[in-house]
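Right, one structure below, let's go through it.
Nothing here was measured: the structure is a model prediction, and the numbers come from that model. Quick note: residue numbers are just sequence positions, from 1.
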Amino acid sequence: MALLLGVDTGGTYTDAVLIRDEEAVIASAKALTTRHDLAIGVGAAVRAALDAAAVEAGDVALASLSTTLATNALVEGQGGRVALIYIGFRERDLEAHGLAEALKGDPSIVLAGGHNHAGGEAVPLDETALIAFLETHKDQVSGFAVASQFATRNPAHELRAAALIAEVTGKPVSASHQLSAKLNGPKRAMTAVLNARLIGMIDRLIGRAEDTLVDLGITAPLMVVRGDGALISSAQARARPIETILSGPAASIVGARWMTGADFALVSDIGGTTTDVALLKDGRPAIDPAGARVGPYRTMVEAVAMRTSGLGGDSEVHFISEGLQGGVTLGPKRVVPVSLIAVDAAEIVHGALDAQLRSVTPGEHDARFVRAVPGISAEGVSARESDLLERIGDGVHALADILRARIEHGALKRLVERGLVQVAGVTPSDASHVLGRVMEWDAGAARKAMQLLARRRTGSGNILSTSEDDVAQMIVDRLTHQTSLALLETAFAEEEQEFGEAPEVLARHVLMQRGMAGHRGLVRLETGLSVPVVGLGASAPSYYPAVGERLGCEMILPDYAGVANAIGAVVGRVTMRAAGTVTSPSEGKFRVHLAGGPQDFSDQDAALTMLETVLRDRASAEALAAGAEDIQVNVTCDLRTAGIEGREVFVEGTITVEAAGRPRVAG
């Protein structure tokens, strides 16, 4: 009997599942995700699953981890402070693809250097300026990103810069050519910046998870789910953490397919922080041809084609005062639910809520709390941020007691983005407690927080509601509405060419919305989805029946919907891809672009054969290193030619090799 352990660390819960012989779930368990040290939640969930199955830890033959950590960090703007070395580009190129925005004020330098389209050196690398920049910033950042012009055609300058960074700073380096084989420098630079930002965070998670499993007596190798649903070794995930963005959602799609056998359906996975929607077609999740998009960032990472929105059970509830009715909207940021923080600090939370309810006028920060996250480096924080951190200390506080001036709002926002501080507030999870759908945390605290929200004044001067139950239902209805929009947007994105309008516009169109409400006037309108939806996530049974009703579609809620990510984490395959290019700089010359630099041939077939051999070896070696067995290799070749004077002339050839196999299990 092969016993497989799947673990998923979500924004709110960490799930563990045990599967026997890839055929049946024999136990599943949940524990609260412990953000300050994710390994605590991992240990608690795994221990509970082992106890429920009544099996020995030593019987586990394979362990695999999927995580929303990287996705959530990018959606919430968290991660380490990094520096970008941008070689051979112009200053204005930093604005391309939102690169300057992604840097968030972190240091960068545009250096002379880079190569041309054919892989020849355009300008020598300015090593003097690079070393001066490194000396200035080496103690201010946690890692470096390097992107050089046409590095995928010749990575020499990226490799030299990486060597100097290692020599001068000893900090980790993310080189763009190692993350993508495609052209588009600014987009590769974006991918390298985000990778560098995530390295420390993912390294801590994997290291602690491995230690925790060993402490429990599990000696099986640890795999990690990549953003396309494939499995990689923990060492590969540590080196290229950017590849784990959408890891959790990708695992959920693999899990949805395994549980339901669905061939054609939308899969919607609601977590604490995000809702992830993807299309399952012919039983497989589609890969996004433009690269994974998370929040505002478009990367060059191969991942499932998925729309991720900042909408979850722990989404921040925003009060809308505009208009006569007023109302609420959700996300995109996650906050700690009031009902959850009250479990950790009941006296402080209830004391503050009671005092706020006694106050005659509603306060700006009612039902909001703050606490520091221990164990995270505070290097690079400003004096104002440092003062705020000191004031918060190691306790839970009402936010109104901490913020003393309007100018401190920005400092708090930056501390939250760095992951140093957590804010608590009203969420859909609190609304579910008030409505009696969930009773896991402190429902009394949730009810008081809802009373505080109910008495806020709308544009008409009236209070939002006289009943906390009404406000709770308002929040859940809003979640139904925003989830429906996310599903419609994904469906319209698949059929965008038919309509010629942006999916967001179509999903929100008055005819679409009236049609879902079954409008009957002179015109009869009926709209909705014509494919089933597989609803995943612990809170899916609570929220999704109403979503299916609104969209007029079948809503499939599998038995283990709450641990789909953990199931998908361990039933996937190891898949490694390697891609490379052959160009023709002049007639009769065929240039193979390799990691060690370009190599020229006089014969087209010889050049393509040489590239295929190199890529086969690389993909197979990486699959083997990831722990795959029974590896199968698939090769695709895309040749571009041009008609010149009545004959076909070779322009460019791209070869992609895919090596795949099931992970080896411990004997």
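Using a 4.5 Å heavy-atom cutoff, the side chains of Val571 and Val254 are in contact. With contacts defined as side-chain heavy-atom distances shorter than 4.5 Å, the pair Leu65/Met223 does not qualify. In this structure, the side chains of Val657 and Asn634 stay at 4.5 Å or more apart for every pair of heavy atoms. A heavy-atom distance below 4.5 Å is found between the side chains of Leu536 and Pro558. Contact of the Met306 side chain with the Val277 side chain is not registered, since no non-hydrogen atoms from C-beta on lie closer than 4.5 Å. Taking 4.5 Å as the limit, every side-chain heavy atom of Asp477 sits out of range of all side-chain heavy atoms of His481. Side-chain contact between Asp269 and Ile253 is absent, with no heavy-atom pair separated by less than 4.5 Å. For the pair Tyr544 and Ser539, the minimum side-chain heavy-atom distance is 4.5 Å or more.
Between Ile655 and Leu615, the closest heavy-atom pair is O-CD1, 3.3 Å. Summarising the geometry of Asp442 relative to Val343, their closest heavy-atom pair is N-CG2, 3.9 Å, with the distance given to 0.1 Å. Ser174 approaches Ala196 most closely through the heavy-atom pair OG-N, 3.3 Å. The two residues Pro285 and Leu280 come nearest to each other via the heavy atoms N-CD1, 3.9 Å. Smallest separation of non-hydrogen atoms from Ala569 and Ser64: O-OG, 2.6 Å. The minimum heavy-atom distance linking Arg197 with Ala102 is given by the pair NH2-O, 2.7 Å.
Judged by distance alone, the side chain of Thr299 and the main-chain N or O of Val301 form a donor-acceptor pair under 3.5 Å. Judged by distance alone, with hydrogens and angles left aside, the side-chain atoms of Asn565 form a donor-acceptor pair with the main-chain N or O of Gly248 at under 3.5 Å. Ser620 places no side-chain N or O within 3.5 Å of a backbone atom of Asp617 that could act as its donor or acceptor partner. Formation of a donor-acceptor pair under 3.5 Å by the Thr275 side chain with backbone atoms of Ser309 is not found in this model. The backbone N or O of Ala278 lies less than 3.5 Å from no partner atom in the side chain of Thr490, so there is not a single donor-acceptor pair. Checking side-chain atoms of Ser252 against main-chain N and O of Ala564 turns up no donor-acceptor pair under 3.5 Å. Side-chain atoms of Thr191 come within 3.5 Å of backbone atoms of Lys187 as a donor-acceptor pair (strictly under, hydrogens ignored). With Glu210 contributing its side chain and Gly207 its backbone, the two residues share no donor-acceptor pair below 3.5 Å. Between the side chain of Ser315 and the backbone N or O of Pro332, no donor-acceptor pair lies under 3.5 Å. Checking side-chain atoms of Asp228 against main-chain N and O of Val304 turns up no donor-acceptor pair under 3.5 Å.
Under the 30°/60° scheme for interplanar angles, the aromatic rings of Phe492 and Phe499 are found to stand perpendicular.
Note that the CZ atom of Arg47 and the CD1 atom of Ile218 stand 10.0 Å from one another [nearest 0.5 Å]. In this structure, CD1 on Ile232 lies 12.0 Å from CZ on Arg238, to the nearest 0.5 angstrom. Rounded to the nearest 0.5 Å, atoms CG (Leu5) and CG (Leu62) are 8.5 Å apart. Between the CD1 atom of Ile475 and the CG atom of Leu435 there is a distance of 9.0 Å, given to the nearest 0.5 Å. Between the CG atom in Leu222 and the CG atom in Leu231 there is a gap of 10.5 Å [rounded to 0.5 Å]. Rounded to the nearest 0.5 Å, atoms CG (Leu50) and CG (Leu3) are 8.0 Å apart.
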Salt bridge (charged side-chain N to carboxylate O under 4.0 Å, His left out) for Lys30 and Glu440? Distances and angles first, verdict last.
CA-CA 12 Å; Lys30 286 181 175 292; Glu440 292 178 13; over 6 Å; no
Step by step, work out the side-chain hydrogen bond (donor to acceptor under 3.5 Å, both in side chains) result for Thr480 and Tyr543.
CA-CA 7 Å; Thr480 301; Tyr543 298 128; over 6 Å; no
So Leu506 and Met512, side-chain contact (heavy atoms from CB on, under 4.5 Å) or not? Walk me through it.
CA-CA 7 Å; Leu506 291 166; Met512 188 74 215; over 6 Å; no
Evaluate the side-chain hydrogen bond (donor to acceptor under 3.5 Å, both in side chains) criterion for residues Asp430 and Ser339: first the C-alpha distance (whole Å), next the side-chain angles of each, then the deciding distance (0.1 Å), finally the verdict.
CA-CA 6 Å; Asp430 295 310; Ser339 52; 2.6 Å; yes
Give the C-alpha distance, both sets of side-chain angles, the deciding distance and a yes or no for side-chain contact (heavy atoms from CB on, under 4.5 Å) between Val336 and Asp314.
CA-CA 6 Å; Val336 178; Asp314 298 345; over 6 Å; no
Check against salt bridge (charged side-chain N to carboxylate O under 4.0 Å, His left out), Arg664 and Asp630:
CA-CA 9 Å; Arg664 282 188 301 276; Asp630 300 328; over 6 Å; no
Any chance you could lay out the side-chain contact (heavy atoms from CB on, under 4.5 Å) test for Ile567 and Met259, step after step, and finish with the verdict?
CA-CA 9 Å; Ile567 290 170; Met259 286 186 289; 3.7 Å; yes
What do the steps show when you test Val60 against Leu4 for side-chain contact (heavy atoms from CB on, under 4.5 Å), and what is the final call?
CA-CA 6 Å; Val60 173; Leu4 312 178; over 6 Å; no
Do Arg618 and Glu622 pass the salt bridge (charged side-chain N to carboxylate O under 4.0 Å, His left out) test, and can you show the C-alpha distance, the side-chain angles, and the key distance before you say yes or no?
CA-CA 6 Å; Arg618 189 197 308 165; Glu622 287 206 346; over 6 Å; no
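Using a 4.0 Å cut-off between charged side-chain N and carboxylate O, Asp263 and Arg257 make a salt bridge. Using a 4.0 Å cut-off between a side-chain N of Lys or Arg and a carboxylate O of Asp or Glu, Arg577 and Glu658 qualify as a salt bridge. Taking a cutoff of 4.0 Å between a charged side-chain nitrogen and a carboxylate oxygen, Glu489 and Arg307 qualify as a salt bridge. With salt bridges taken as basic N to acidic carboxylate O contacts below 4.0 Å, none links Glu302 and Arg226. Under a 4.0 Å N-O distance rule, the pair Arg208/Asp37 qualifies as a salt bridge.
No hydrogens or angles considered: a donor-acceptor pair under 3.5 Å links the side chains of Gln482 and Arg478. A donor atom on one side chain and an acceptor atom on the other are found under 3.5 Å apart for Thr9 and Thr67. No side-chain donor-acceptor contact under 3.5 Å links Arg188 and Gln178. For the 3.5 Å distance criterion, the side chains of Ser432 and Arg437 fail to qualify, holding no donor opposite an acceptor. Using modelled atom types, one finds a donor on one side chain and an acceptor on the other under 3.5 Å when comparing Asp8 with Ser66. With no hydrogens or angles considered, no side-chain donor-acceptor pair links Glu316 and Thr427 at under 3.5 Å.
Heavy-atom neighbours of Glu504 CD from other residues, nucleotides or ligands within 6.0 Å: above the threshold of 12. The number of heavy atoms from other shown groups lying within 6.0 Å of CD (Glu549) does not exceed 12.
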